[in-house]
Protein chains: 2
Amino acid sequence: MTKADISLKGTKVQPLKKPRTELEPGARRRKKFDDKRQFILETALSVFSKYGFHGTTIEQIANSADISKTNLFYYFSNKEELYLTILENILNDWLKPITVFEEVDDPEDVLKNYIRLKLELSRDQPEASRLFCLEIIQGAPILKGYLENELKSILQDKSKVIESWVSKGKIKPINPIQLIFFIWSTTQHFADFNVQVKAITGKDLSNKKFFEETCSAIQQLIIDGLKRPRL
Amino acid sequence: MTKADISLKGTKVQPLKKPRTELEPGARRRKKFDDKRQFILETALSVFSKYGFHGTTIEQIANSADISKTNLFYYFSNKEELYLTILENILNDWLKPITVFEEVDDPEDVLKNYIRLKLELSRDQPEASRLFCLEIIQGAPILKGYLENELKSILQDKSKVIESWVSKGKIKPINPIQLIFFIWSTTQHFADFNVQVKAITGKDLSNKKFFEETCSAIQQLIIDGLKRPRL
DNA sequence: GTCTATATGGCGATAGAC
DNA sequence: GTCTATCGCCATATAGAC
C-alpha cells in the first residue's frame, strides 16, 4: 500500500445513531457523545475538502473543532475512520435527488426539478461536493466498487425512464447516460469550480439572483436542446 | 502558512528551454539535461494527478521515472518547483483552444469546433485536466491570481463575440459566461470524472466511438439549445 | 472525557564520496 | 551526474495521569 492509498482496511464504519426521542438511562450521555461526533464530522468535512486527505492534519481538524488532538482520537480511532464516515454520509445526500425520475411524469417537469435539486446541492453542500470530486478524481479508491455496482444499476434504472420519453416522442433521441452526465457536470461545476466561477463572475450560488439565473440557464439549454425538431 | 498551503515562496520557475537546432559547444549536454527534466515532469504529472501534491512523495516520482530520490533533487531543487513547473505548462495547453472564438465566424461552427477541441484535450491530457481540477477545487492557492486577472480578461473578450451573436439574432439570448462554463464543465467531466464515467458506461474517451458519440451529444445539446425559437 | 507527555515512522532535503 | 548515508522535522497515534 503506497502512502497515497486509502483503503477500508477492514474498518467497520458504524453509522451515527439517531438521537433517541425517549431519554432512557444513559441516553442523554449518548446523545451528547453523538452530537459531538457529528460536530467533528462537519468540521472535518470542511477541512478535508480544502486540503484533501493527505493535506489535512488531525491537528488542523482538532483546532477547527476547538478540541485537542488526543481528544479527537477519543471520538474517532483514526484518521481513516473519520474520513470514511464523512464520505459515506456524503454519498447518501448526493443520490437523493435522482429519485425524482419517474416515468409517469412530464419530462420537462422532471428535468427542471432534477436540475434545480442538484444545483441546490451545489449551493448548500459545496464542500461535500468538492470532497466527493476529490475522491473520484483520484481514482475513487474507496468508492469504486460502489460506482460500479449500486450507482450503475440505479442509472440503468433511470435510463429506462428517459428512453421511454424518447420512444414516446416526448424528447428527441439522446443517450440517457449522456444526458445525466450533462446535468451532473453543469450543476456540480458551480460547487467544484466555485473559486474559478467566483474569480470570473464575482458571484457564486449563494447569491440568490445568480443562483436563479444559473438554474434557468441550465434548464433552458437542456429543455430546448431536447425539443424534437419541428417537421 | 498551514501545512496544506503551497505558495510561490518567491521561487522563480524557469520555463524549459527549447532544444536548439544548432549544436554549439555544450548544447548536446544541455539538451540531454533538458530532455531528462522534461521526462521527469511528465512522470511527475502522472503521479501528482493521482495522489495530489501532499499525497505524492518524491520517492514515488523518482521510482516511476527510474531515478534515485537524490538524483531527482539534482534536476529540481524541491518538490514545489517541480509542481509549479507542471502547473505552468498545463495552463498554456488549457487555454489554447479558446482562441477559436472569433466574431467573424458562424456561431455553430465555432462552438462545435471549440467543444471538439476541449473534448480532445480531455481525451489526450486527462491527467493534466485532473491536476488542474485538483488545484482549483482546493481553492486555487497558486492560480487564484491568474484566474482573477488574465483568465477573467480573456473571457470578457470572448464574451463580446458571443454577445454579438446574440444581438445579431444568430443565437438566442444567453449569458456568455454561463455558456462557456457549460462547455468547460461538460467536456472536462470526461477527464476529471473519468473513473465514474468508466464505471457506469464501461468506456472512456480513448474509445473512438464513445468519443464521437459524446462529442456530438454535447454539440447537439448546446447548438439546439441555442437555436432561436421559431415564431 | 480530557490532558501532558512521548513513541514511532515517514518524508523532504543535504553532505560528501566517486 | 549519480550514489550512500543521514539529518531534522512533523504527523499519526498511544500511554497513562487526572
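In the text below, chain A, chain B and the rest are named by the order of the sequence lines, each starting its count at 1. Only heavy atoms go into these numbers, but all of them, side chains included; no hydrogens, no water, no symmetry mates. On a predicted model such as this, the values are computed, not experimentally measured, just so you know.
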For the pair made of NE2 in H54(A) and P in dG12(C), what is the distance, rounded to whole Å?
12 Å

Starting at CG of L82(A) and ending at C1' of dA11(D), how long is that distance when rounded to a whole Å?
15 Å

If you look only at distance, which donor and acceptor atoms sit under 3.5 Å apart when one is on a side chain in residues 147-155 of chain B and the other is two or more places apart or in another chain?
| from | atom 1 | to | atom 2 | distance (Å) |
| --- | --- | --- | --- | --- |
| N149(B) | ND2 | G145(B) | O | 2.9 |
| S153(B) | OG | E150(B) | O | 3.3 |

Which whole-number value in Å describes the distance from N78(B) CG to dC11(C) C1'?
14 Å

Listed by chain and number, what are the side chain to side chain contact (heavy atoms under 4.5 Å, CB included) partners of F101(B), not counting sequence neighbours?
I98(B), V110(B), L111(B), Y114(B), K158(B), I162(B), W165(B)

In whole Å, what is the span from the CZ atom of F73(B) to the P atom of dG16(C)?
18 Å

Those residues at least two apart in sequence (or on a different chain) that pass side chain to side chain donor-acceptor pair (under 3.5 Å) with N194(A) are none

Would you please name every residue forming a side chain to side chain contact (heavy atoms under 4.5 Å, CB included) with E213(B), sequence neighbours left out?
N175(A), Q178(A)

Atom CD of E81(A) to atom P of dT12(D): distance rounded to whole Å?
15 Å

Report the distance from atom CG of L72(B) to atom P of dC11(C), rounded to the nearest whole Å.
15 Å

Between atom CD in E59(B) and atom P in dG10(C), what is the gap in whole Å?
10 Å

Nearest-Å distance, NZ (K79(B)) to C1' (dC11(C))?
8 Å

If you look only at distance, which donor and acceptor atoms sit under 3.5 Å apart when one is on a side chain in residues 195-203 of chain B and the other is two or more places apart or in another chain?
| from | atom 1 | to | atom 2 | distance (Å) |
| --- | --- | --- | --- | --- |
| T201(B) | OG1 | V197(B) | O | 2.8 |
| T201(B) | OG1 | K203(B) | N | 3.0 |
| T201(B) | OG1 | K203(B) | O | 3.1 |

For every nucleotide of nucleotides 1-7 of chain D, 5' to 3': is a protein heavy atom under 4.0 Å from its base (B), only from its sugar-phosphate (S), or from neither (-)?
SBBBB--

So among F48(A), Y146(A), W94(A), which one has a ring-ring contact (aromatic ring centres under 6.0 Å, His included) with F132(A)?
W94(A)

